[in-house]
Amino acid sequence: MKLVTAVIKPHKWEDVRQALEAAGVTGMTVSEVSGYGRQKGHTEVYRGAEYDISLVPKIRVEIAVDDADVAEVVDAIERGARTGRIGDGKVWVTPLESVVRVRTGDRDADAV
Amino acid sequence: MKLVTAVIKPHKWEDVRQALEAAGVTGMTVSEVSGYGRQKGHTEVYRGAEYDISLVPKIRVEIAVDDADVAEVVDAIERGARTGRIGDGKVWVTPLESVVRVRTGDRDADAV
Amino acid sequence: MKLVTAVIKPHKWEDVRQALEAAGVTGMTVSEVSGYGRQKGHTEVYRGAEYDISLVPKIRVEIAVDDADVAEVVDAIERGARTGRIGDGKVWVTPLESVVRVRTGDRDADAV
Amino acid sequence: MSSLVLHPAPAGYAPVLAIDSGTTAWLLVATALVLLMAPGLALFYGGMVRSKGVLNMMMMTFGALAVVVVVWTLVGYSIAFGDDVGLGLLGDPTQYAGLGQLLEEGSNGESAYPLILFAMFQGLFCVITAALVSGAIADRARFGAWMVFVAAWTVLVYAPVAHWVFDFSSGEHVGGWLANRVGLVDFAGGTAVEICSGASALALALVLGPRVGFGREPMRPHNLTLVMLGAGLLWFGWFGFNAGSALAADHRAAVVLTTTLLAGATGTLGWLAVERLRDGHATSLGAASGLVSGLVAITPSCGSLSPAGALAMGALAGVVCAYAVGLKYKLGYDDSLDVVGVHLVGGLVGTFGLGLLATSAAPTGVDGLFYGGGLDQLGKQLVGGGAVLVYAFVVSGIIGWVVDKLMGFRIDEDHEVSGIDLVVHAETAYDLHATAGARSSGPFLGTPRKDDA
Amino acid sequence: MSSLVLHPAPAGYAPVLAIDSGTTAWLLVATALVLLMAPGLALFYGGMVRSKGVLNMMMMTFGALAVVVVVWTLVGYSIAFGDDVGLGLLGDPTQYAGLGQLLEEGSNGESAYPLILFAMFQGLFCVITAALVSGAIADRARFGAWMVFVAAWTVLVYAPVAHWVFDFSSGEHVGGWLANRVGLVDFAGGTAVEICSGASALALALVLGPRVGFGREPMRPHNLTLVMLGAGLLWFGWFGFNAGSALAADHRAAVVLTTTLLAGATGTLGWLAVERLRDGHATSLGAASGLVSGLVAITPSCGSLSPAGALAMGALAGVVCAYAVGLKYKLGYDDSLDVVGVHLVGGLVGTFGLGLLATSAAPTGVDGLFYGGGLDQLGKQLVGGGAVLVYAFVVSGIIGWVVDKLMGFRIDEDHEVSGIDLVVHAETAYDLHATAGARSSGPFLGTPRKDDA
Amino acid sequence: MSSLVLHPAPAGYAPVLAIDSGTTAWLLVATALVLLMAPGLALFYGGMVRSKGVLNMMMMTFGALAVVVVVWTLVGYSIAFGDDVGLGLLGDPTQYAGLGQLLEEGSNGESAYPLILFAMFQGLFCVITAALVSGAIADRARFGAWMVFVAAWTVLVYAPVAHWVFDFSSGEHVGGWLANRVGLVDFAGGTAVEICSGASALALALVLGPRVGFGREPMRPHNLTLVMLGAGLLWFGWFGFNAGSALAADHRAAVVLTTTLLAGATGTLGWLAVERLRDGHATSLGAASGLVSGLVAITPSCGSLSPAGALAMGALAGVVCAYAVGLKYKLGYDDSLDVVGVHLVGGLVGTFGLGLLATSAAPTGVDGLFYGGGLDQLGKQLVGGGAVLVYAFVVSGIIGWVVDKLMGFRIDEDHEVSGIDLVVHAETAYDLHATAGARSSGPFLGTPRKDDA
Ligand SMILES: Nc1ncnc2c1ncn2[C@@H]1O[C@H](COP(=O)(O)OP(=O)(O)O)[C@@H](O)[C@H]1O
Ligand SMILES: Nc1ncnc2c1ncn2[C@@H]1O[C@H](COP(=O)(O)OP(=O)(O)O)[C@@H](O)[C@H]1O
Ligand SMILES: Nc1ncnc2c1ncn2[C@@H]1O[C@H](COP(=O)(O)OP(=O)(O)O)[C@@H](O)[C@H]1O
C-alpha cells in the first residue's frame with residue numbers, strides 16, 4: 001500500500017475529484033493548507049500599513065491506494081490539477097505499512 | 001519508529017483520546033480534515049438552489065510511536081472510534097526514519 | 001527523497017521560515033493543527049462552567065527534501081523553533097518514494 | 001407637550017384627548033426599538049450555542065416574531081386588551097379581532113397616541129417573551145413544532161397573562177385582575193414577560209429533556225462577539241421596552257430610561273464581581289449576562305425606584321443570577337441558555353424587590369418596605385409573581401406535551417449530533433475558508449428531496 | 001399634536017405652519033433609521049456572498065452612501081423636488097443646489113418639519129436604492145467604476161424618478177407626472193425604490209455578465225448570521241422608511257408602521273411555507289428573504305391597506321418571490337443576490353396589488369378592485385410601475401454600458417477567481433485562526449505598489 | 001412645537017417652560033442612540049484587533065459603560081453640571097450626588113425636557129469618551145486596572161472638562177470657563193470628547209508601552225465585517241450624539257443632522273481618495289476610518305457650518321487623518337487602534353476648522369475666518385482645544401502612572417503572546433469549526449482556579 005498526497009489549487013479540487021473518481025478512487029481525506037513556494041502571496045493594506053502574506057491557500061488530498069494503482073492515481077491528479085501556471089502544486093508518495101478500516105477492522109487492500 | 005495516522009468521526013475524539021491515554025500515549029497532533037468515502041455528505045439549500053456537500057467533517061490524529069507499540073495504539077484507536085456505522089474512518093501506519101524533540105534535541109524513542 | 005514534518009509553536013513560524021530559507025528551502029506546505037502533549041492547554045469559563053481545553057494551537061510544516069539535505073533542514077527547524085520551553089514541538093522524517101511537480105510533471109529532485 | 005395620560009391604560013375619566021405628536025413620535029420609536037430586540041435576542045442566543053445550531057436558534061426568534069405578529073393581530077390583542085369577559089381573567093377575543101376596528105379611529109378620546117400603535121407595541125412584547133422561551137430548548141426542537149407551540153402559547157399563555165397584568169380598567173372598560181384588583185405594580189413586564197418566559201422555558205425544558213451530552217460534553221458559546229452585539233442591541237431596545245411603557249414622552253419616561261440605564265450597568269458589575277471573586281476571571285459572557293440580568297430585574301420596577309434604588313436593584317440581580325445559572329447542573333434540567341437562571345430568577349428579583357425598594361417619589365407612586373410602605377406592596381407582588389409563574393409553567397407544559405404527542409417536539413438523537421442547522425434547515429451558518437465553496441458541487445434547482453424537519 | 005400636513009408634500013393652501021416638535025422628532029429618528037438600513041443592507045448582502053467578496057459587497061453600499069449623499073446635496077434634491085421644468089419630468093436642478101437655501105429657513109410655512117430634514121430623509125432613500133442595485137453585480141465590479149455609475153445614476157435615474165413619484169404639487173409648486181397627473185399611489189417607494197432598483201440591477205447584471213462559474217460552481221452564502229442580522233436591521237430601519245414617509249407623528253404613521261410589521265411577518269411565513277412544501281426545509285436564508293419580500297411589497301402599499309390586507313400582501317409577496325428567485329437560473333442572467341427576484345418582483349406585487357387590495361379606510365383613502373374601487377387605481381398603478389421599470393432599466397443600462405466602455409466595469413477573470421476583496425481592496429475579511437497573523441510579515445509604511453483596482 | 005430653548009443650556013431668563021413632548025421624545029431617542037454607540041464602538045475596535053484579543057477589546061467598552069454610568073450618577077454629573085465652585089473649573093460635586101434630586105422635578109422651569117434625561121444623555125457622552133481611550137491600549141491592559149482607571153478618569157478628567165465646555169451659565173447658575181468666558185464653540189464635543197479621548201489615549205499608550213512585536217509583527221484586523229458594522233452603528237448613533245445636543249426637536253437639530261450626514265460621507269471619500277492615490281487600493285478599513293474621521297471633525301462644528309462647509313470639513317478630516325495614522329510608526333508609540341490619529345487629530349481639525357469655516361447662518365451664529373469673522377473665533381477655538389488637550393494628556397498620564405504603580409496596568413509578556421482573552425477573561429471569542437467542542441472536556445462547576453487578571 002502507498003499513501004499518495006497531493007497539494008493542489010483550491011479551485012481545481014472539483015476537477016481532481018472527478019479525475020480520481022474516474023480512476024476508481026472512492027475514498028480520500030482532504031484538508032485546507034497553505035502553500036509556500038514559487039507562487040508568491042500578496043500584499044494587504046490596513047490603514048496604510050502593508051502586510052506581506054507569503055502563504056497561498058491550497059488543498060491537500062491524501063489517498064491510501066494499492067501499490068498497483070499508484071501510477072494511475074498520480075496521473076489522475078496531475079490531469080485534474082494542472083493549469084500550467086506556477087503554483088499547481090505537488091504530489092508525493094510514501095510507503096504504507098498497513099491500513100485499517102475502523103468500522104470493520106478490515107486490513108490493507110480490503111480497508112480502502 | 002512508526003507514524004500512526006487515524007481519521008475519525010469528530011464526536012469520537014474524546015473516546016479515542018481516552019483509549020490512547022489508557023494505552024500510554026502521551027502526545028499527538030490533531031487536525032480538522034474532511035472525508036470523502038462511502039459515508040455521503042448532505043444537501044444544503046439556499047434560496048431553492050441545492051448544493052451537494054460531498055465532504056464530511058473528520059478529525060485526523062497523528063501519533064509517532066515505537067515500533068513495539070504500534071499494534072496496541074492501532075487497537076486503542078479502533079476501540080475508541082468504532083461505532084459500527086459507515087464513516088468510522090481509517091487508520092494507517094507509515095515508517096518513520098527519525099523523530100526529534102525540538103526543545104531538547106532528543107531523538108527517536110526519547111523524543112516522543 | 002524524504003518528507004520532513006515539523007510541528008511547532010505558531011509564533012515561531014516566522015523564525016522557522018527564515019531559518020529554512022537560509023538553509024535553501026524554497027517550498028513547503030503549512031497547516032494549522034492542534035497539539036496534545038506535555039504542554040497543557042487551558043481552562044475556559046462560561047457562566048461559571050469550566051471547560052478544559054486540552055489542545056494547544058500548533059503549526060505543521062511539511063517539506064519534501066533531497067536525502068542529502070535532511071540533516072540541514074531538521075537542524076534549521078530546530079534552530080528556528082526552539083525556545084527551550086515545553087511544547088516546542090517535534091520534527092519527524094519519513095521516506096518518500098517519489099515527488100511530482102504538477103505544473104510540469106517533473107519528478108523527484110527536480111520537483112521540489 | 002406634557003404628558004396627558006396615566007400609565008399604562010387610557011384614562012377614561014380624562015377629558016377627550018387629541019393625539020399628541022410628541023407622544024406618538026416616542027411610541028413609534030419605542031415600537032421599533034422593541035422590534036429590534038428580536039434580532040438582538042437572536043444574536044445573543046445564537047452566539048451562545050455551538051456553531052452547528054446557531055441558525056436554528058436565530059430561526060426560533062424570527063419564527064416566533066412572524067407567528068406571534070399574526071396571531072396577536074387575529075386574536076391575541078383582543079384577549080389581552082378587550083373588555084373583560086369575567087373575573088379579570090380574559091378579554092373578549094372577538095372585540096378587536098383582526099384589528100380592523102383600529103384602522104380608522106386614531107384615538108378613542110382617552111389616549112394621546114393612536115390605539116393601533118399601542119396594539120403593535122404590546123404585540124411585540126409577546127414576540128420577545130415567546131422568543132425568550134426558545135433559549136431553553138436550544139439544538140433539539142423541531143422547527144414546525146416550535147411554530148405551533150408559539151401560536152398556541154400566544155393565545156393560551158401570553159395574552160391572558162397580559163390581560164391580568166397590563167390591562168387597566170378605565171371608564172367602562174374592565175381590565176385584568178392583577179392590575180386592577182390585586183394592585184400588582186409591573187411597569188414593563190417583570191411578570192408578564194420575564195417570569196412568564198422563564199416559567200414557560202422551564203416547562204419546555206422538562207418536556208423536551210436535556211441535550212445529548214448535557215453536563216458531560218462541552219457546549220461552549222461559538223461566537224461571543226455575536227453575544228456582545230446582541231446584548232448591546234437588547235439594551236438599546238430595552239429603552240423602548242421600558243420607557244415606551246410610560247406611553248408618553250414625559251418626565252416619567254425619562255425616569256424609566258434612567259433606571260433602565262443604571263440597572264443594566266450595575267447588573268454587569270454585579271455579575272462580573274461574582275465571577276472575579278469566585279472563578280478568578282471577569283468574562284465577556286458574564287458581562288453580557290449581568291447586563292441582561294439587571295435589565296430583567298428593572299423591567300417591573302423601572303417606574304418605582306430612585307436612581308439609587310435602580311443601582312441596588314441591578315447589582316442584586318447581577319449577583320443573584322450569576323449564582324442561579326449554576327442550578328441547572330445541580331438539578332439536572334437542561335435550560336440550555338439559562339432562561340430560568342436569568343429571566344425567571346431576575347424577574348422574581350425585580351418583581352419582589354420592588355416591594356422592598358419602591359419609593360413613592362418615583363412615577364408609580366408606591367412605597368416599598370424600605371421606604372416605609374410596609375409589607376402591603378410586597379404582598380401584592382408575591383401574589384402577582386406567583387400567579388403568573390404557576391399559570392405559565394402549567395399551561396406551557398401542557399401545550400408542550402400536547403405538541404410533543406401530536407407531532408413530536410424533538411429531533412432524532414442522530415440529527416442532534418450531526419447538528420440541527422444541517423438537518424432541520426439544510427444550511428450551515430459559516431463557510432469562511434479561503435477555499436470557500438470549492439468543496440461542493442453547484443446549485444441545482446429541481447426535484448426537491450424531503451427529509452426530516 | 002395631531003398631524004397638520006398632507007402626505008407627502010407640503011400643502012400649500014394650508015395656513016402657515018410652525019414646526020411641530022413631535023413631527024420633527026419623528027422625522028429626525030426616521031432619517032437615522034433609513035441611514036441604518038445602509039449597514040443593514042451591507043450585512044444582508046455581505047453575508048450572502050462568498051467570504052472572498054464580502055468586503056467588496058459591503059464597500060459597494062458604503063461607497064454608494066458616500067457618493068449619493070454628496071451628489072444629492074449638490075444637485076439630486078433639486079432635480080427631485082425643485083419646481084418642475086416641464087411635463088412633470090424633472091425639477092429645476094439649480095433651485096436647491098448645495099442646499100444652502102435650506103440652512104436658514106426652517107419651514108416654508110407649509111411644512112410642520114424643517115425642510116432640510118426632508119431633503120436628508122429623501123436623500124437616504126436614494127442611497128438605499130443605489131445600494132440595492134449592487135446586489136446584482138457581486139464579486140466582479142471594479143470599485144471605481146461602481147462609484148462613477150452611482151453618481152451618474154443618482155442624477156439620471158433616481159432623481160427624475162423621485163420627482164415623478166414623490167414630488168406632489170402644492171400651491172405654486174408643480175411636481176412630477178406620476179404623483180400628480182396619473183395619480184399613482186406609492187407611499188414609500190414601491191416604484192421609485194423597489195422597481196427602480198430591481199430594473200437597474202437587471203440592466204447592470206446584463207451589462208457585466210455572469211460571474212465565473214455561475215450556475216455551475218456553488219456560491220453559497222458564507223455567513224448567514226450576518227444575513228439574519230442585516231435583515232433585522234433592515235426591518236427596524238424600514239419602520240423609519242415607511243412610517244417616516246407619513247411626514248408626521250400621527251395616526252397615519254401608526255397605521256403605516258402596523259402594515260409594515262404585519263407584511264414583514266407574513267412575508268416570512270409565505271416564503272418559509274413554499275420552502276417547506278417544495279424543498280422540505282424552512283431555511284434561515286428563506287426567512288430573511290421572505291421578510292424582505294414582504295417589506296418590499298408593503299412599501300408602496302403601506303398607507304393603503306387594512307391590517308388584513310397587509311397580512312395578505314406580505315404573504316403574497318413571500319410566496320411569489322420565493323419562486324421568482326429561481327428565474328435567473330432558467331433565463332441565465334446572473335442577478336447574484338436576487339435584486340430582481342425580490343425587489344423588482346416584490347415591488348411589482350406591492351404596486352399592482354395595491355390596485356386590488358387598497359381600502360379607503362386606510363390613510364391614502366383609495367379603494368382597490370376588491371374593495372369596490374373598480375379597475376381605476378389598478379390602471380394608474382400599472383402605468384406608474386411600468387413607466388419606472390422601463391425608464392430605470394433603459395437608462396441604467398446605458399449608463400452601465402458607457403462606464404464599461406470608458407473605464408471597464410469588470411475585473412479580470414483571474415482576479416475574480418482569486419477573490420475581489422484581495423485584488424481590489426487589498427484586504428481579506430477574516431483572520432480568525434488561533435495562529436492569526438503568524439503567517440505574514442509585519443506592517444510596512446513605504447512606497448505603495450499600485451495594482452489593479 | 002418650535003424649539004423654546006437655547007442651546008445647550010437652559011435659558012434662565014426665559015419664561016417658565018413646561019416639558020415639551022416632542023423635544024422629550026427626541027432626547028429619549030438621542031440618549032438611546034448614544035448608548036448604542038458603545039456596542040458600535042466595541043465592534044469597531046473589536047474587529048480591528050487580532051482574534052485573540054477581541055473580547056478584551058469589547059470588554060473595555062462594556063466595562064467603561066458600566067463604571068462610568070455609576071460614577072457619573074454618584075458624582076460625575078454634579079462636577080460637570082453643578083454650580084461652579086470657582087473660576088469655572090469645577091461644578092459642586094455634591095449638588096446632584098446620586099441624582100435623587102432629579103427624580104421628582106421634571107423641569108426646573110428653564111428646560112423643555114426632563115433634567116434627569118439630560119443627566120443621562122450627558123453621562124453617555126462620558127461613556128463614549130472613556131471607551132474611545134481603550135483603543136490605544138489594545139491587547140495588553142489588565143482589566144481590573146482599566147476599570148479603576150476609568151473611574152478615576154471620569155472624576156478627574158472628563159467631568160471637569162465637560163464642565164468647562166458644556167456647562168453654560170444661565171440665571172443664577174454659573175458654568176464653565178471655556179463655554180462662558182472664552183466663548184469656545186463646541187456643539188457636541190470636539191474638545192470634551194474627541195480631543196480629550198485622543199490626548200488621554202496618547203498618555204496611556206505611553207504609560208503602557210508598545211505591544212510585544214509592535215511595528216515588526218503583523219497585527220492586522222481579524223474581522224472587518226465587525227469593523228464595518230461597528231462603523232455603521234456609530235454613524236447611526238452619532239445622529240443622536242450631535243443632533244441630540246441641540247436639546248430640542250427643531251430646525252437646529254435638523255441642520256446638525258444634515259452636517260453630520262454630509263461630513264461622514266466626505267470623510268469616507270477623503271480617506272479613500274488618499275488610499276487610492278497613495279496605496280493603489282481603496283480599502284474597507286479606510287472607508288470605516290474615513291467615516292469616523294469625518295464624524296469626529298463635525299462633532300464640534302456640526303452646528304456652525306453650511307452644507308457646503310460640512311462637505312469640506314469632512315473631506316479635510318478624511319484626508320488629514322489618513323496621513324496622521326502613520327505617525328505612530330514613525331514616532332514609535334503604540335496607539336494601537338489610532339485614537340490619536342483619528343480622534344485627537346480629527347478633533348483638532350474640527351475644533352480649529354470651525355474657526356475658519358463657521359457661518360453665522362448656521363445655528364451657532366458664529367462667523368469663521370472664511371466667512372468674514374476674522375481670527376476671533378479661531379483664537380477661542382485654539383485656546384479651548386489646547387487647554388483640553390494639555391489637561392487631558394497630563395492628568396490621564398498621571399492617573400495611568402499611579403494605577404500602574406499601585407496594581408500594575410499591563411499583563412505579562414507571556415500572556416500577551418498567548419492572547420489576552422484567554423488569560424484575562426478565560427474565554428476565546430470563536431469556535432466555528434464543524435467539530436466545535438469536540439476538542440475539550442465538559443463543563444465543571446467546582447473549585448475555581450484563580451489565575452492572573
Ligand atoms: N519542498 C516542498 N515540500 C512540500 N511542499 C512543497 C514544496 N515545494 C512546494 N510545495 C507545495 O507546492 C505548492 C506549489 O509550489 P510552487 O513552488 O508555488 O509552484 P510549482 O509547484 O508550480 O513550482 C506550494 O504552494 C507548496 O504548498
Ligand atoms: N483511500 C482512502 N485514503 C485516505 N482516506 C480515506 C480513504 N478512504 C476513506 N478514507 C477516509 O476514511 C473516512 C471514512 O471512509 P468511508 O468510506 O466513508 O467509511 P468506512 O471507512 O466506514 O468504510 C473517509 O471520510 C475518509 O476521510
Ligand atoms: N507522539 C507524538 N506524536 C505526534 N505528535 C506529538 C507526539 N508527542 C508530541 N507531539 C506534538 O508535539 C507537540 C509538543 O509536545 P509536548 O509534549 O507538549 O512538548 P515537548 O515536545 O516540548 O516535550 C505537541 O503539542 C504535539 O503536537
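In the text below, chain A, chain B and the rest are named by the order of the sequence lines, each starting its count at 1.
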### Query
C:V33 and B:V30: side-chain contact (heavy atoms from CB on, under 4.5 Å), yes or no, with the steps?
CA-CA 6 Å; C:V33 299; B:V30 177; over 6 Å; no
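- Chain B forms more heavy-atom pairs under 4.5 Å with one residue of C:G35, C:P95, C:G37 than with any other, namely C:P95.
- Proximity to chain C (any heavy atom under 4.5 Å) is restricted, for B:V112, to the backbone atoms N, CA, C and O.
- Residues satisfying the side-chain contact (heavy atoms from CB on, under 4.5 Å) test with C:V91, not counting sequence neighbours, are B:V100, B:V102, C:V4, C:A6, C:V74, C:I77.
- In this structure, chain B has heavy atoms under 4.5 Å from both the backbone and the side chain of C:I86.
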Under 3.5 Å, what donor-acceptor pairs does chain B form with chain C?
{"unit_1": "B:R17", "atom_1": "NH1", "unit_2": "C:Y36", "atom_2": "OH", "d": "2.9"}
{"unit_1": "B:E21", "atom_1": "OE1", "unit_2": "C:Y36", "atom_2": "OH", "d": "2.6"}
{"unit_1": "B:M28", "atom_1": "N", "unit_2": "C:Y36", "atom_2": "O", "d": "2.8"}
{"unit_1": "B:M28", "atom_1": "O", "unit_2": "C:Y36", "atom_2": "N", "d": "2.9"}
{"unit_1": "B:V30", "atom_1": "N", "unit_2": "C:S34", "atom_2": "O", "d": "2.7"}
{"unit_1": "B:V30", "atom_1": "O", "unit_2": "C:S34", "atom_2": "N", "d": "2.7"}
{"unit_1": "B:E62", "atom_1": "OE1", "unit_2": "C:R60", "atom_2": "NH1", "d": "2.1"}
{"unit_1": "B:E62", "atom_1": "OE2", "unit_2": "C:R60", "atom_2": "NH1", "d": "2.9"}
{"unit_1": "B:E97", "atom_1": "N", "unit_2": "C:V93", "atom_2": "O", "d": "2.7"}
{"unit_1": "B:E97", "atom_1": "OE1", "unit_2": "C:K2", "atom_2": "NZ", "d": "3.0"}
{"unit_1": "B:E97", "atom_1": "OE2", "unit_2": "C:K2", "atom_2": "NZ", "d": "3.0"}
{"unit_1": "B:S98", "atom_1": "O", "unit_2": "C:V93", "atom_2": "N", "d": "3.0"}
{"unit_1": "B:V100", "atom_1": "N", "unit_2": "C:V91", "atom_2": "O", "d": "2.7"}
{"unit_1": "B:V100", "atom_1": "O", "unit_2": "C:V91", "atom_2": "N", "d": "2.9"}
{"unit_1": "B:V102", "atom_1": "N", "unit_2": "C:G89", "atom_2": "O", "d": "2.9"}
{"unit_1": "B:V102", "atom_1": "O", "unit_2": "C:R82", "atom_2": "NE", "d": "2.6"}
{"unit_1": "B:V102", "atom_1": "O", "unit_2": "C:R82", "atom_2": "NH2", "d": "3.0"}
{"unit_1": "B:R103", "atom_1": "O", "unit_2": "C:R82", "atom_2": "NE", "d": "3.4"}
{"unit_1": "B:R107", "atom_1": "NH2", "unit_2": "C:E78", "atom_2": "OE2", "d": "2.4"}
{"unit_1": "B:A111", "atom_1": "O", "unit_2": "C:K90", "atom_2": "NZ", "d": "2.8"}

